[in-house]
There are 2 protein chains.
Amino acid sequence: MGRPAKFSREQLQAAALALVDEHGLAGLSMRALANALGTGAMTLYNYVTEREDLDILVVEAVIAEARWSPGRNRDWREDVRLISTALWKAVRAHPHAIPLILTRRSRSPAVFGVSEALLDALSRGGKSGQELLVAFRSVSALVMGFAQAELAGPLAVKAGETANATIARFRALPAERYRCLIEIATAAESSAPEAEFRAALDLLLKGMSAGGD
Amino acid sequence: MGRPAKFSREQLQAAALALVDEHGLAGLSMRALANALGTGAMTLYNYVTEREDLDILVVEAVIAEARWSPGRNRDWREDVRLISTALWKAVRAHPHAIPLILTRRSRSPAVFGVSEALLDALSRGGKSGQELLVAFRSVSALVMGFAQAELAGPLAVKAGETANATIARFRALPAERYRCLIEIATAAESSAPEAEFRAALDLLLKGMSAGGD
DNA sequence: ACCTGAACACCGTTCAAGT
DNA sequence: ACCTGAACACCGTTCAAGT
C-alpha cells in the first residue's frame with residue numbers, strides 16, 4: 001500500500017461518515033466517496049484494499065466519538081455506567097451507521113480503548129480471569145443488543161411511524177396469543193430509551209455485585 | 001400483490017437461506033435466487049416488492065428454526081434459559097445470516113412467537129409493565145449482543161484464524177495499555193461460548209431475582 | 001392474474017497507462 | 001511511489017409485452 005499522501009485516514013473517515021449520515025448506507029460507495037473527496041474512484045484503492053474497508057472507516061469514526069470523563073476513583077459501577085452509556089450514545093448518534101457497527105470488525109485504538117476502559121472498571125469490581133471475561137461480554141452485549149433492538153427488534157419503531165401508530169399496530173394483533181407483547185408495547189409508549197438502558201444495566205450490575213465485591 | 005401461485009413463501013425462505021448458507025451474503029441476489037428456483041429474476045417481483053425482502057425471508061427462516069420444549073410448569077428462570085438459548089443457537093447455526101438477523105426487521109409469527117414465549121416466562125417471574133419491558137429488553141439484548149460479539153466484537157476470531165493465532169494477536173498489543181484486554185483474550189482461549197452465554201444469562205437472572213420474585 | 005425478457009443506471013474491481 | 005480513466009462483469013429495477 002505504500003505511503004499515500006493526498007488524503008489522511010481521518011479525512012476518509014470523516015467523509016465516509018458524512019455520506020452515511022446524510023444519504024444512508026446506500027450513499028456510501030467507492031464512486032460516491034471519491035466524488036466527495038474530489039477525485040476518481042480508483043484513487044481510493046491507494047488507501048483501502050476493498051469496498052468493505054469503507055464500512056470499517058465509518059465504524060471507527062463512530063466509535064471514536066465515544067467520550068467519557070476518565071476517573072479511576074469513583075465506584076466501579078459508576079464507571080461501567082459512564083463508559084457503557086458513552087458508547088451506546090455514540091452509536092445511537094449515527095442511526096444510519098448502526099448496521100455497520102453491528103456487523104463490521106475493527107481493531108482500531110478507538111475500539112480497543114473503550115473495551116480496555118470497560119474492563120478496567122470491571123476489574124476494580126474484583127473480577128478477573130473467566131469472571132472478568134463473562135462480565136465484559138455481558139455488558140458489551142447489553143450495549144450492542146440495545147442498539148440492535150432499537151434498529152430491528154420486535155418493538156422497533158417503523159420508519160416515519162408515530163408512537164400511537166406503533167401501539168395501534170400491536171393492539172391489532174391477536175390479543176390472546178400476544179398478551180404480553182401487547183402489554184410491553186403499551187409500557188414502551190410511556191418510556192424513554194435512556195431510562196430503559198440504565199435500568200437494564202443496573203439489573204446486570206446487581207447480578208454482578210451479588211456474589212463478590 | 002394478488003395471489004401468486006408458482007412458489008410458496010416457505011419455498012422462497014428455504015431457497016434464500018440455502019443460498020446464504022452455501023455462498024454467503026453475496027450469494028443472495030434477485031438473479032441468483034430466481035436461478036435457484038428455476039425462473040427469471042423478474043418473476044420474484046410477484047412475491048416480494050424489493051430486494052431487501054429477500055433478506056427478511058432469510059431472517060424468518062432462521063428464527064423459525066428456534067425450538068424449545070414448551071412448558072409452563074418449570075421455574076420461570078429455567079424457561080428463560082431454554083427459550084433464550086434456543087434462539088441464540090438458531091442464530092449461531094447460520095453464521096452467514098447473522099448480519100441480516102441483526103439488522104433486518106421481521107414481524108413474522110416466528111419472531112413474535114419467541115418474544116411472547118420469553119415474555120410469558122418473565123411475567124411468571126412476577127414482572128409486569130415497565131419492569132417486564134426492561135427484563136425483556138435485557139434478555140433479548142444479551143442474546144443478540146452475544147451473537148453480535150462473536151461476529152464483530154473485539155474478541156471475535158478472524159476468518160480462518162486458529163485459537164493460538166488469536167491470542168498471539170492480543171499478546172502483540174502494547175502490554176501496558178491493553179492489560180485487561182490481553183488477560184481476557186487469554187481467558188477466552190480456555191472457554192466455551194455456551195458456558196459464557198449461560199454464565200452471562202445467570203448474572204442477569206440473579207439481578208432480576210434480587211428485588212421481586 | 002400472473003409471468004417474463006430487454007434495457008437502464010448503477011456498482012466493485014481489473015487492467016493498462018500516466019506522472 | 002502514487003494517481004487515474006476505460007472497460008468488464010455484475011447488480012436492482014423499470015418498462016413493455018406476453019399468457
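The analysis underlying the following values was restricted to heavy atoms, covering all of them including side chains, and did not include hydrogens, waters or symmetry mates. What you are looking at is a predicted structure, and each value in this text was computed from that prediction instead of being measured. Every chain is numbered from 1, with letters handed out A, B, ... down the list of sequences.
The CG-C1' distance, from B/Asp53 to D/dT13, rounds to 13 Å in whole Å. One interatomic measurement links the two molecules: CZ of A/Arg51 to P of C/dC10, which rounds to 16 Å at whole-angstrom precision. Between A/Asn46 atom CG and D/dT4 atom C1' the separation is 9 Å, expressed in whole Å. The interatomic distance linking A/Glu50 (CD) with D/dC10 (P) rounds to 18 Å, in whole Å.
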Output side-chain donor-acceptor pairs under 3.5 Å for residues 13-23 of chain A, partner residues at least two apart or in another chain, one line each.
| unit_1 | atom_1 | unit_2 | atom_2 | d |
| --- | --- | --- | --- | --- |
| A/Gln13 | NE2 | A/Glu60 | OE1 | 3.2 |
| A/Asp21 | OD1 | A/His94 | ND1 | 3.0 |
| A/Asp21 | OD2 | A/His94 | ND1 | 2.9 |

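If you look at B/Phe7 and B/Tyr47, their ring centroids are closer than 6.0 Å.
Listed by chain and residue number, B/Asp202 satisfy the salt bridge (Lys or Arg N to Asp or Glu O under 4.0 Å) test with B/Arg198 (two or more places apart in sequence, or in another chain). In terms of the side chain to side chain contact (heavy atoms under 4.5 Å, CB included) criterion, residue partners of B/Ala141 (sequence neighbours excluded) are, by chain and number, A/Leu142, A/Phe146. A/Trp88 meets the ring-ring contact (aromatic ring centres under 6.0 Å, His included) test with A/Phe197; sequence neighbours excluded. By the salt bridge (Lys or Arg N to Asp or Glu O under 4.0 Å) test, B/Arg177 pairs with no residue at all, sequence neighbours left out. In this structure A/Arg31 satisfies the side chain to side chain donor-acceptor pair (under 3.5 Å) test with no other residue, sequence neighbours excluded. Taking B/Glu196 as the reference, A/Arg137 meet the salt bridge (Lys or Arg N to Asp or Glu O under 4.0 Å) condition, with sequence neighbours excluded.
OP1 or OP2 of C/dC3 has not a single side-chain nitrogen or oxygen of B/Tyr45 nearer than 4.0 Å. For D/dC3, neither phosphate oxygen OP1 nor OP2 lies less than 4.0 angstrom from any side-chain nitrogen or oxygen of A/Thr39. Between B/Lys6 and C/dT4 there is a side-chain N or O to OP1 or OP2 distance below 4.0 Å. Proximity of A/Thr43 to the phosphate of D/dC3: no side-chain N or O atom is located under 4.0 Å from OP1 or OP2.
For DNA chain D, if you chain together Watson-Crick or G-U pairs that step i with j, i+1 with j-1 and so on, the runs of at least three with distances under 3.5 Å are C:4-8 with D:12-16, C:12-16 with D:4-8.
Contacts between residues 9-36 of chain A and DNA chain D, counted as heavy-atom distances below 4.0 Å, involve A/Arg31.
For residues 178-190 of chain B, the set of pairs meeting the salt bridge (charged side-chain N to carboxylate O under 4.0 Å, His left out) definition, not counting sequence neighbours, comprises A/Asp120-B/Arg179. Screening residues 148-174 of chain B for salt bridge (charged side-chain N to carboxylate O under 4.0 Å, His left out) gives B/Arg92-B/Glu150, B/Glu161-B/Arg169 as the qualifying pairs, with residues at least two apart or on separate chains.
Using a 4.5 Å heavy-atom threshold, the side chains of A/Val58 and A/Leu54 count as separate.
Taking for each of B/Met42 and A/Gly40 the nucleotide of DNA chain D with the nearest heavy atom, the 5'-most of the two is the partner of A/Gly40.
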Expected rows: protein N/O vs nucleotides 16-19 of chain D N/O, under 3.5 Å:
none

